[in-house]
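A short write-up of the structure that comes next.
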Number of protein chains: 2
Amino acid sequence: MSTAGDHETSRLDDAARAGWLYYVAGNTQDEIARKLGVSRQSAQRLVSLAVSEKLVKVRLDHPIARCMELSHGLVEKFGLASCEVAPSDPGAPAALTGVAQLAAGDIERILKSDHPKIIALGTGRALRASVEQLPKMDCPQHRIVSLLGNMMSDGAATPYNVVIRMADRVNARHYPMPLPVFARSMEEKLLLQQQEAVHNILELARQADVTFVGIGNIGDNAPLLVDGFVSREETRALIKAGAVGEITSWVFDRSGTLIDGLTNDRVASAVLQIAPAKPVIAIAVGILKVEAILAAMRGRLINGLITDEATAEHLLNH
Amino acid sequence: MSTAGDHETSRLDDAARAGWLYYVAGNTQDEIARKLGVSRQSAQRLVSLAVSEKLVKVRLDHPIARCMELSHGLVEKFGLASCEVAPSDPGAPAALTGVAQLAAGDIERILKSDHPKIIALGTGRALRASVEQLPKMDCPQHRIVSLLGNMMSDGAATPYNVVIRMADRVNARHYPMPLPVFARSMEEKLLLQQQEAVHNILELARQADVTFVGIGNIGDNAPLLVDGFVSREETRALIKAGAVGEITSWVFDRSGTLIDGLTNDRVASAVLQIAPAKPVIAIAVGILKVEAILAAMRGRLINGLITDEATAEHLLNH
DNA sequence: CAATTAGACGGGCAATTATTCATTCAGACT
DNA sequence: AGTCTGAATGAATAATTGCCCGTCTAATTG
């Protein structure tokens, strides 16, 4: 026993020595092997032992480090395909710029591809801010398609028309949806969607290679309410039905299940797919949205998330 | 200015991201390149930037880590060719075992060589303890030579006969020095050294491929005094002449310069070389010896050191 | 005591990482 | 505008690292 213990101890000592020489002193494994009087392979084993025994601890002295941890944690916890967390600037309340830059980076990377892509977009302030961050580009090979209408029921344009703005910037073919966000009734919705142009656009959206959406909360500060798409009474009914969030105006409950009836009967936007095969990336920031984001992840309505540090903390500590 | 700053910042952010993915998440640089949307070379540059900008900090969770730092510090500060520091066991007062094992490891490594080597040995408790740690070996190709006599002036054997003990263990040719440590006078010393055998041994010692010595302090607890080689009066005279330490009974002052006259006139051991070309490694432990070790390093009487943590701390904080 | 087995070792090779070099590109200056 | 400079980039290549496999050693077991 004592012999084995000593043996193990001295092996760990050597591992520590090797780890120190490698990570702190910057020696190569060959040099370590010479200094420790062992073969290079043994030196390699010692270094890797030092790592696997957790003798070496790496710390990253940069605000980004926390973001990476959070992102990693969210990926693990909710089975996301991707997650990016922007640092929250404690000074600036307009926390959008961080995520907007991140999202813009993602979008830009996709646009740089030579292969034609179909990019589907929802709406929302965060998404709009992201598009604003895009540089001028020339991407005629791609198509940008809207997931939902850009009209109020009375025909007025909605304030956050992301598709057209983006197409402006990057010079791509684009397909805004010539529909109101909500039809006046289920029948009207079906009627509208039977138009060939609308039908084509919905089909295009279904084939999208990547989808970016916003997530809205339901309640007093809900985008849908603030922007006048639903009334106070409808909001109350939705809350009573368990609604906590919405994506492209489709309202869902805590488990991420779409609410039956109510406004969902009249939503004209493309249907959400559960556990989509292609990336569906939500851009969403804010403590108010935490419940909605959680629900969307639980229900597999999205498989990617771009958010900020503060929101990510709440999502993980829930 | 603001643009440049932003640019630099975002570059560092990316570097931090890359560093995190590499060191914390264990990604390969290829994966990082894909995730960050840059070329593999750029990913490599980002990782190395994160290192050179000190964003990644590596810590080693093992007592050895401190020893490695101390060793590195001593090498730098005193221009040593090598330095090893054994962990001090706060519980055990007999701090010798740590350094003894280290030294034994060094010696063993040399003995394993197929090329014939000449190993010169001094005396001392630490050196003796090291030899005790040697395993049984069979090394007829090497020669072990003593740097100094193993007799008291009256012909009695000295207690720490390292060479014979070591030769016992490793079965190597050995050359103990058939001389007293101190002759009775300078004339007697010269006479003794003219014997052919002695002359040959001294020449062999001069050619040694590697030399291991102990370092003694001068004073009340000095090995020379305790073991009865010098008298109290001689000790007093030496101290008055500035003596702080000795190696193979050659006494030197604070600057590592050999003291003129006194006992040095009568030392029969091989002369110390200043700034030796081959490794001359001292094995020395203890707060009492700090002054002596410092002096030996200053005077370039040694170019290698094996000591323990506590002693190393004192050497560096001096 | 022989058989078995777990673990370490080193050789060789594939994968990964670091470096060098020529080129490009943006901005500064003439 | 032309030219220079310095940074950034990608390609090529050199260096380093990680992994697999056959071999050997030592401990365990029957």
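Rounded to an integer number of Å, the gap from CG of L46(B) to P of dT19(C) is 15 Å. The separation between L49(A) atom CG and dC19(D) atom P is 14 Å, rounded to whole Å. Look at CD on Q44(B): it is 13 Å from P on dT17(D), rounded to the nearest Å.
The main-chain N or O of K35(B) is found under 3.5 Å from a side-chain atom of R109(A) such that the two form a donor-acceptor pair. Judged purely by atom type and a 3.5 angstrom limit, S130(A) has no side-chain atom pairing as donor or acceptor with the backbone of A103(A).
A salt bridge does not link R165(A) to D168(A): none of the charged side-chain nitrogens sits closer than 4.0 Å to a carboxylate oxygen.
Residue F212(A) is tested with L121(A), V162(A), I302(A) for a side chain to side chain contact (heavy atoms under 4.5 Å, CB included); the sole match is L121(A).
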### Task
Starting at the 5' end of nucleotides 9-16 of chain C, put B wherever the base has a protein heavy atom under 4.0 Å, S where only the sugar-phosphate does, and a dash everywhere else.
BBBB----
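Side-chain contact between V163(A) and Y175(A) is absent, with no heavy atoms from C-beta onward closer than 4.5 Å.
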